[in-house]
2 protein chains.
Amino acid sequence: MSKADRTKSRILETAIELFNDRGTKAVTTNHIAAALGISPGNLYYHFRNKEEIIRAIFVQMHEVGVSEYREINDPRGPGNAASMEETFLMIQRFNWRYRFFKRELAALVQSDPELKALFVASHREHLAMVRQAIDASIEQGFFREIPLHLRELLTEQIWLMALFWLNYLEVGGEEVTEATLARGNEILRTMMLPYLSESALRSVMQGSGVHTL
Amino acid sequence: MSKADRTKSRILETAIELFNDRGTKAVTTNHIAAALGISPGNLYYHFRNKEEIIRAIFVQMHEVGVSEYREINDPRGPGNAASMEETFLMIQRFNWRYRFFKRELAALVQSDPELKALFVASHREHLAMVRQAIDASIEQGFFREIPLHLRELLTEQIWLMALFWLNYLEVGGEEVTEATLARGNEILRTMMLPYLSESALRSVMQGSGVHTL
DNA sequence: GTCTATAAGCGGATAGAC
DNA sequence: GTCTATCCGCTTATAGAC
């Protein structure tokens, strides 16, 4: 890793922290440089402008996200309640780490077409991953048979939850805690319940107090 | 309506349009004044600053929203599929009218505690309205009996969809059209399907191609 | 109420030395 | 690579005339 690369990633780290705390609007390139102890000129040597910093953060974020997902989701691994919930929590913790981005997502992609293209591609990839998980769960007998069109709807239903649960908590005035994240998982579980197979239902019933319909 | 009030509401109207088009960050108080054909000084006579304009927009938005909701939702009226979908569409159109606000929601409430307090109150009110609709639907035999805790989860599940569907479309690179709004309704319908009563199920089946489980 | 004029300050960005 | 110095332009906000 070259010296330039090291400075670059220090800039990104600092920027993420400041953005998370105060938002991209309030944090200027000067603030980032000052927090890091480098000069504004130096920062501009590494990045053309603030937008480019944000895009670089997103690229990093996407890579980390996909690799973390693959780590805990062997595509041929068990489609079951525990793994689904673990994945949901992982995504939420991930969103928390880059929380400024999800907070400002709609505004950011509106004002930067290049970032929008990056995000849309990532978004589709994630949808495909969710869809694959659903298909796998059916194949493994964790979910029952589900018509194709319904699988599409289910995919979006799930992904929308994963994408916006943190935002939902924050704008509703709730703290992000283990408890509120767990509530998200409860809702997800509720969404999935109608689609569990007989055998999955039986094994889930033995666990914690899931509500029957 | 006094002259001051008329100018005030013209400022708000213009601000909403500009904010929707370019976002609150890109639109300055000067832009708003210029677009309206008044002087910057005049604008500052009516509002202390941009934040105050945004708060005023939100207050107006909340009032319009609640009154529109009550208009099409007689609390004792029919809890049925048609009215639920009509309500969803109404909310989406409403969100579209003030789309800048939902786009920037998380960032706006983060940087303005006063706005946050207003929004949280409104948010709770909306949750209560959704909850009431669920209870009424059960009472009227449109939904089957649902345990209390599950009703809570269902309330949030529905409200999250209503709140973020437009955002979901936009960040995914989709246009907001009749078709994409209808897809939101389809997802909502899917969420509700497990909770329909026998009689509601029968009447829904006769309608358009709803997917059975 | 509305205007004109303007102060004050900041953010973004670059040039050129080291 | 990094720094210092600096500039332009813009945004906010106010004072004071009408």
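Here is how names work: the chains are called A, B, and so on, in the same order as the sequence lines, proteins then strands, and each is numbered from 1. Every value quoted in this text rests on a predicted model; they were computed, and no experiment measured them.
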Output the rounded distance in Å from [atom1] ([X]) to [atom2] ([N]).
X       : N      : atom1 : atom2 : value
B/Glu51 : D/dT12 : CD    : P     : 11 Å
A/Ile32 : C/dG11 : CD1   : P     : 12 Å
B/Asn49 : D/dA13 : CG    : P     : 5 Å
A/Ile54 : C/dG12 : CD1   : C1'   : 14 Å
A/Lys25 : C/dG12 : NZ    : P     : 12 Å
A/Phe47 : C/dG11 : CZ    : C1'   : 18 Å
B/Ile11 : C/dG1  : CD1   : C1'   : 11 Å
A/Arg48 : C/dA13 : CZ    : P     : 11 Å

As a test of understanding, state which of A/Phe100, A/Tyr98, A/Phe58 forms a ring-ring contact (aromatic ring centres under 6.0 Å, His included) with A/Phe19.
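Exactly one option meets the ring-ring contact (aromatic ring centres under 6.0 Å, His included) with A/Phe19, and it is A/Phe100.
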Heavy atoms under 4.0 Å, any strand shown: does A/Ser39 hit a base, just sugar-phosphate, or nothing?
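Counting heavy atoms under 4.0 Å across all strands, the contact made by A/Ser39 includes a base.
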Side chain of A/His31 only, please: which of D/dT4, C/dG11, D/dT11 is the nearest?
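Of the options given, the side chain of A/His31 lies nearest C/dG11.
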Side chain of A/Lys50 only, please: which of C/dT2, C/dT4, C/dG12 is the nearest?
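Per side-chain heavy atoms of A/Lys50, the pick is C/dG12.
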Go through the side-chain N and O atoms of A/Asn73 and A/Thr87 and say whether any donor and acceptor fall under 3.5 Å apart.
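On atom types as modelled, these side chains qualify, holding a pair under 3.5 Å.
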Regarding [X] and [Y], does a basic nitrogen lie under 4.0 Å from an acidic carboxylate oxygen?
X        : Y        : answer
B/Glu174 : B/Arg183 : yes
B/Glu17  : B/Arg22  : no
B/Lys25  : B/Glu104 : no

Taking only N and O in the side chain of [X], is any of them less than 4.0 Å away from OP1 or OP2 of [N]?
X       : N      : answer
B/Tyr44 : D/dA13 : yes
B/Tyr45 : C/dT2  : no
B/Thr28 : D/dC10 : no
A/Asn42 : D/dC3  : yes
A/His46 : D/dT2  : yes

How do B/Leu43 and A/Thr29 order along DNA chain C: which one's closest nucleotide is nearer the 5' end?
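This one resolves to B/Leu43.
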